[in-house]
Trainee: 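The structure under discussion is supplied below as structure tokens; questions concerning it will follow.
Below, chains carry the letters A, B, ... as their sequence lines are ordered, and counting in each starts from 1.
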Number of protein chains: 2
Amino acid sequence: MGLRETIFGLAQIYRGHIKTAVNANELGLNGMHVRCLHIIANQSHCTANALVQLLGKDKAQIARLVKDMIEKGWLVKQASPSDKRSQILTLSGSGLALLQKISQLEKEIEASLLAGLSSQDVADFKRIAGLMLNNLAAS
Amino acid sequence: MGLRETIFGLAQIYRGHIKTAVNANELGLNGMHVRCLHIIANQSHCTANALVQLLGKDKAQIARLVKDMIEKGWLVKQASPSDKRSQILTLSGSGLALLQKISQLEKEIEASLLAGLSSQDVADFKRIAGLMLNNLAAS
DNA sequence: ATTTATAATTGACTTTATCAACTAAATTAT
DNA sequence: ATAATTTAGTTGATAAAGTCAATTATAAAT
């Protein structure tokens, strides 16, 4: 199996499992919602533009996605004091609760993903994947 | 960095690089085209239904994708002798030529991806990812 | 002070994905 | 054997996702 199939295969199968779990729990969100929630929770002063950079998506798409998530009550935005063009995005209470449910589902998926792997394997995987990411990010 | 970010990060950055390379070479195809070409080249008697299974996509989408690729002259289909409902898909000459160009671009991307990695690292990565794939495919 | 750049939003549009209905062939059950 | 059920593939109608260009408001640079 080539590297390409390996990388896309992993992403595809992980995505499929999350999708199934999210649908089964009727959480009413899609893959981009999930990725945004994670990023906003981890970035200290996340803006729409940060999402554009990190997700590699069009800014129009992100603007609509953020709008949608605000309407759904998962996010709140507030003007940045340092730059009035920027809107700082944070999770609302329900957004945080939602992320926690998702994280729980992901934890279960990762547990089955890692079944039978040694902690050395897991560490190696992350280390090697990190090297690959750095290589491509650089070029 | 969590496992989720690692997996999706790798797929995202790889996809971005291929997209850029394919666009730069004006090959006129998208990600699904690429994946289909690879699968059809590797499966001995590939049908639309096999693509549905392997790609995890809706059969309507695959039907239209295959139609498109046939119209573009990259694929040919022929009725299966053993099951007249099935259409066996194979690469045409130009489909094969296209795949070879893509493979060359992927080879270059993978070369930069693997820069500085030992062959042991590469082997470990594939082995561990393979275990993960098996785990999720089973559950 | 004026030009240039950046963050975000919106309109118009294309592409991609999904659901349901349908045809034809194969399989299973009666 | 024939009737009922599955399966492979196609199509129509939509919905969702992604893209491009233009616009507004603010910030930074000249």
Side-chain angles (χ1 to χ4, degrees), chain A residues 8 11-12 15-16 18-20 22-23 26-37 39-40 43-72 75-90, chain B residues 8 11-12 15-16 18-20 22-24 26-37 39-40 43 45-72 75-90:
Chain A
F8 286 126
Q12 176 180 325
R15 188 180 301 118
I18 291 186
K19 193 175 179 182
T20 302
V22 164
N23 287 345
E26 295 177 337
L27 300 181
L29 39 64
N30 62 32
M32 286 297 285
H33 290 144
V34 173
R35 300 179 73 187
C36 283
L37 291 174
I39 290 173
I40 293 167
Q43 292 268 322
S44 54
H45 291 289
C46 187
T47 63
N49 198 45
L51 293 174
V52 168
Q53 304 302 322
L54 291 165
L55 294 170
K57 302 284 178 179
D58 188 85
K59 62 184 181 171
Q61 188 187 350
I62 297 299
R64 290 178 174 116
L65 187 61
V66 166
K67 190 180 173 190
D68 173 48
M69 294 176 78
I70 290 172
E71 284 169 0
K72 287 188 162 86
L75 303 184
V76 292
K77 73 173 175 184
Q78 60 196 119
S80 165
S82 61
D83 182 342
K84 286 174 190 167
R85 296 169 305 178
S86 292
Q87 302 286 317
I88 294 182
L89 304 170
T90 47
Chain B
F8 286 126
Q12 177 181 322
R15 188 179 302 117
I18 290 185
K19 194 175 177 182
T20 301
V22 163
N23 287 345
E26 297 178 335
L27 300 181
L29 37 64
N30 62 32
M32 287 296 286
H33 289 145
V34 173
R35 300 178 73 187
C36 282
L37 290 174
I39 291 172
I40 294 167
Q43 292 268 322
H45 290 289
C46 187
T47 64
N49 197 46
L51 293 174
V52 168
Q53 305 300 321
L54 291 166
L55 295 170
K57 303 284 177 178
D58 188 84
K59 62 182 181 170
Q61 188 188 352
I62 298 298
R64 290 178 173 118
L65 187 61
V66 166
K67 191 180 170 188
D68 173 47
M69 294 176 78
I70 289 172
E71 284 169 359
K72 287 187 162 87
L75 304 184
V76 293
K77 74 174 176 184
Q78 59 195 119
S80 165
S82 60
D83 182 344
K84 286 173 189 167
R85 295 169 306 179
S86 293
Q87 302 285 317
I88 294 183
L89 304 170
T90 46

Trainee: Using a 4.0 Å heavy-atom cut-off across all strands, classify A/Ala60 as base, sugar-phosphate, or nothing.
Mentor: base
Trainee: Write down the distance between CG (A/Leu89) and C1' (C/dA8), rounded to a whole number of angstrom.
Mentor: 11 Å
Trainee: Whole angstroms only, please: what is the CD-P distance between B/Gln12 and D/dA17?
Mentor: 16 Å
Trainee: By nearest nucleotide on DNA chain D, pick out whichever of A/Gly31 and B/Ser86 is the more 5' one.
Mentor: B/Ser86
Trainee: Report, as a single string ordered 5' to 3', how protein heavy atoms within less than 4.0 Å touch nucleotides 22-30 of chain D: B base, S sugar-phosphate only, - not at all.
Mentor: ---BBS---
Trainee: Which whole-number value in Å describes the distance from B/Asn49 CG to D/dT10 P?
Mentor: 11 Å
Trainee: How many whole angstroms separate atom CG of A/Leu65 from atom C1' of C/dT10?
Mentor: 16 Å
Trainee: Nearest-nucleotide wise, let me know which of A/Gln53 and B/His33 is further upstream toward the 5' end of DNA chain C.
Mentor: A/Gln53
Trainee: Below 3.5 Å, does any donor atom in the side chain of B/Arg64 face an acceptor in the base of D/dG9, or the other way round?
Mentor: no
Trainee: If you compare every side-chain N and O of B/Asn30 against the phosphate oxygens of C/dT16 (OP1, OP2), does one of them come in below 4.0 Å?
Mentor: yes
Trainee: Would you kindly give the CG-to-P distance between B/Leu51 and D/dT7, to the nearest whole Å?
Mentor: 19 Å
Trainee: If you look at every heavy atom in A/Leu37 and A/Leu29, which pair is closest and at what distance?
Mentor: CD1-CD2, 4.0 Å
Trainee: How many whole angstroms separate atom CD of A/Gln78 from atom P of C/dA8?
Mentor: 13 Å
Trainee: As an exercise, state the distance from CG of B/Leu51 to CD1 of B/Ile62, rounded to the nearest 0.5 Å.
Mentor: 5.5 Å
Trainee: Let me spell it out: for each of B/Asp58 and A/Gln87, pick the nucleotide of DNA chain C with the closest heavy atom. Which residue's pick is nearer the 5' end?
Mentor: A/Gln87
Trainee: Residues in salt bridge (Lys or Arg N to Asp or Glu O under 4.0 Å) with B/Asp83, at least two apart?
Mentor: B/Arg85
Trainee: Would you please confirm or rule out a distance under 4.0 Å between OP1 or OP2 of D/dG9 and any side-chain N or O of B/Lys77?
Mentor: no
Trainee: Can you check whether A/Lys57 has a side-chain N or O nearer than 4.0 Å to OP1 or OP2 of D/dT19?
Mentor: no
Trainee: Who passes side chain to side chain contact (heavy atoms under 4.5 Å, CB included) against B/Ile18, sequence neighbours left out?
Mentor: A/Phe8, B/Tyr14, B/Val22, B/Glu106, B/Ile109
Trainee: Whole-Å distance between C/dT15 P and B/Asn23 CG?
Mentor: 13 Å
Trainee: A/Gln12: what forms a side-chain hydrogen bond (donor to acceptor under 3.5 Å, both in side chains) with it, not counting sequence neighbours?
Mentor: B/Arg35
Trainee: Pairs in or reaching into residues 49-72 of chain A: which pass salt bridge (charged side-chain N to carboxylate O under 4.0 Å, His left out), with residues at least two apart or in two chains?
Mentor: A/Asp68-A/Lys72
Trainee: Whole angstrom is fine here: how far is it from CE in A/Met32 over to P in D/dA15?
Mentor: 21 Å
Trainee: For B/Gln78, give me all partners under side chain to side chain contact (heavy atoms under 4.5 Å, CB included), at least two apart in sequence or on another chain.
Mentor: B/Ile88, B/Thr90
